[in-house]
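Atoms within each ligand, like the ligands themselves, are counted from 1 in listed order.
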Amino acid sequence: MIGSDLKFKDQVAIVTGSSSGIGKACAIHLAELGAKVVVNYSSNLEEGEKTLNEIISKGGNAILVKADVSHEEEVKALFNETISKFGRLDIVVSNAGLQKDSSFLEMTLQQWQKVIDVNLTGQFLVCREAARQFVAQEKAATEVSHSELSIGKIILMSSVHDVIPWAGHVNYAASKGGIMMFMKSISQELAPYKIRVNSVSPGAIKTSINKEVWSDPDKYKGLLQLIPYKRIGTPQDVAKAVAWLASDDSDYVNGETLYIDGGMTLYPEFADNG
Ligand code: NAD
């Protein structure tokens with residue numbers, strides 16, 4: 001129940017793409033830890049409302065805002081609505097993402113562009129707006145803060161495919177590889193403002209994005225071959241790591257990528273000497 005450990009009391013968090021999967025778990029977990037949460041969805045109002053209602057039924061504080069992260073004006077409106085409702089911003093989990101899979105030979109420009117627009121340009125738009133807000137509210141603060149702690153935390157949702165090449169998904173892998181350098185570069189640039197930027201890179205997490213794999217027993221068996229820890233991850237596995245990166249417990253962690261993958265990046269094929 002909300003209220004037992006209010007790590008994020010008086011803090012406001014936006015979680016993009018929180019109508020389902022990992023984003024939903026992040027929104028709920030941050031609310032459980034006391035944050036006021038902006039639940040964002042792009043098209044599925046019903047799913048967005050489910051996240052919102054789950055937070056409210058647990059005693060949390062949240063609003064629901066529609067915005068497509070690949071559209072600049074909608075991202076600006078998302079942040080404006082957050083500030084007009086809650087007055088400030090402390091945490092952004094830039095999670096929204098999608099796949100449009102195809103062999104490279106068959107991939108259309110549309111499939112390429114859609115994934116880059118949402119997974120990479122969407123991160124740019126969301127992170128830029130977050131950084132602008134953190135800097136603006138710090139400047140506007142009437143009291144001089146003597147705290148050494150971060151004034152704003154950004155967590156980007158990447159993937160193990162920021163380091164593992166993925167045939168048949170080059171648009172997705174390129175977008176996630178792009179997030180790695182994007183995140184490190186803005187982390188370097190924003191650290192002097194005391195804004196912390198980090199990524200999490202999940203391995204296989206049981207959500208709708210990969211249902212086709214975990215719902216098929218043969219494919220699921222094949223997937224487990226790639227996971228030394230021998231289980232698929234849950235959205236909550238990721239949400240707990242995100243909460244740590246959003247908290248002051250990780251205050252000296254900047255520009256890092258945290259792999260939450262049951263060891264998927266450990267070259268499991270080499271476990272028996274290759
Ligand atoms: P999901 O499909 O359940 O969630 C994706 C969310 O992004 C949805 O809520 C969707 O509505 C939202 N979204 C899509 N396009 C959007 C847009 N233009 N604007 C705003 N929101 C948009 O899948 P998920 O697994 O929860 O994926 C969440 C993130 O985690 C993605 O960035 C994905 O790449 C990443 N990820 C997932 C896995 C996994 O195994 N599930 C592994 C690595 C990384």
**Student:** So with a 6.0 Å cut-off around OH of Y229, is the heavy-atom count from everything else above 12?
**Tutor:** no
**Student:** Please tell me whether D117 and Q113 have a donor and an acceptor in their side chains that are separated by less than 3.5 angstrom.
**Tutor:** yes
**Student:** Identify, chain by chain and in numerical order, each protein residue with a heavy atom under 4.0 Å from an atom of ligand 1.
**Tutor:** G17, S19, S20, G21, I22, N40, S42, A67, D68, V69, N95, A96, G97, L98, V118, M157, S158, S159, Y172, K176, P202, G203, A204, I205, T207, S208, I209, N210
**Student:** If you measure from the Lys or Arg side-chain nitrogens to the Asp or Glu carboxylate oxygens, is any gap between K219 and E212 under 4.0 Å?
**Tutor:** yes
**Student:** Do E72 and R128 sit within salt-bridge range, that is, some charged N less than 4.0 Å from a carboxylate O?
**Tutor:** yes
**Student:** Would you call D10-R88 a salt bridge at under 4.0 Å N-O?
**Tutor:** no
**Student:** Would you call K153 and D90 a salt bridge, using N to O less than 4.0 angstrom?
**Tutor:** no
